[in-house]
There are 2 protein chains.
Amino acid sequence: MLKYSVSLDLVFHALADPTRRTLVERLTRGPASVTELAEPLHMTMSAVMQHLAVLETSGLVRTEKCGRVRTCSIERAPLKKAEEWISKRRAGWERRLDRLGNYLAEHTRDEEKS
Amino acid sequence: MLKYSVSLDLVFHALADPTRRTLVERLTRGPASVTELAEPLHMTMSAVMQHLAVLETSGLVRTEKCGRVRTCSIERAPLKKAEEWISKRRAGWERRLDRLGNYLAEHTRDEEKS
């Protein structure tokens, strides 16, 4: 459960980078240590930590330190909120197209009758 | 139909700003001129044009000039691609939770038997 409200600005900003999307994708398959996350990325640990900091600030990723190991996991709420924002816009757009389609269909029938 | 491939970097970057999301939201209700889009925003026309340029670069918005009026409309593909990217990650995450739930349920039954 998130203790703060999700900022769509921060979530979309976090997702606007291919490395950060790769990290999110990896973490949807299960929690991982920072070392595990860094391994396939071919970049400095400092760069990986910076990307993780952006993801953590957005709320998409939660990190917990246990001894010397920092484990990262995904948070559901921000991803869900971003998805819902887009879905609602797309649904609104499609309703408009449906109405336009119906109008054109009726208009065509009226034209054929006259 | 888009003549170029959708860049998720550009789409998510475009959506990471509340004014640009307001513009997208307005355009899902139908095409609008730049003047109509600017009216409720209480910012300079130059600022609105900059936001529209970011949306146009991302592919989310298409603008067409007819005489002195520039009309903006929404493009479906980039919004759909962003939604699909998030949906797939969320689905992967939920499948993992289901598997974890099943494992825990089986483990609990085994514990009860022994």
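Every chain is numbered from 1, with letters handed out A, B, ... down the list of sequences. Note that the coordinates shown come from a computational prediction; the quantities given were computed from them, not determined experimentally.
There is a path of hydrophobic side-chain contacts, each under 4.5 Å, that joins B:V34 to B:L41. Residues B:W85 and A:V11 share a single hydrophobic cluster, defined by chaining ILVMFWY side chains whose heavy atoms lie under 4.5 Å apart. Under a hydrophobic clustering in which Ile, Leu, Val, Met, Phe, Trp and Tyr are joined whenever their side-chain heavy atoms come within less than 4.5 Å, directly or via other members, A:L8 and B:L8 fall into the same cluster. A:L10 and B:V24 fall into different hydrophobic clusters, defined by Ile, Leu, Val, Met, Phe, Trp and Tyr side-chain heavy atoms under 4.5 Å apart, directly or through other members. By the criterion of side-chain heavy atoms lying less than 4.5 angstrom apart, applied directly or through intervening Ile, Leu, Val, Met, Phe, Trp or Tyr residues, B:M45 is grouped together with B:M43 in one hydrophobic cluster.
When all heavy atoms are compared, the tightest approach of B:P18 to A:D9 is CD-OD2, 3.2 Å. Closest approach of B:S87 and A:E83 over heavy atoms only: OG-OE2, 2.8 Å.
Atom CD of B:E39 has 12 or fewer neighbouring heavy atoms from other residues, nucleotides or ligands inside a 6.0 Å radius.
Note: B:R76 leads B:R76, B:R29, B:K80, B:H13 in heavy-atom pairs under 4.5 Å with chain A. Here A:A16 is the residue among A:A14, A:A16, A:A91 with the most heavy-atom pairs under 4.5 Å with chain B.
Heavy atoms of A:D17 lying under 4.5 Å from chain B belong exclusively to its backbone. Looking at B:R21, both its backbone and its side chain come within 4.5 Å of chain A, counting heavy atoms on both sides. Of the atoms belonging to B:R89, heavy atoms from both backbone and side chain fall under 4.5 Å from chain A.
Between B:I86 and A:L15, the closest side-chain pair of non-hydrogen atoms falls below 4.5 Å.
In this structure, the separation between OG1 on B:T28 and CZ on A:R95 is 9.0 Å, given to the nearest 0.5 Å.
In this structure, B:E25 does not pair ionically with A:K88, as no charged nitrogen and carboxylate oxygen lie closer than 4.0 Å.
With sequence neighbours excluded, the residues that form a side chain to side chain contact (heavy atoms under 4.5 Å, CB included) with A:L37 are A:L23, A:R26, A:L27, A:A32, A:L52, A:C72.
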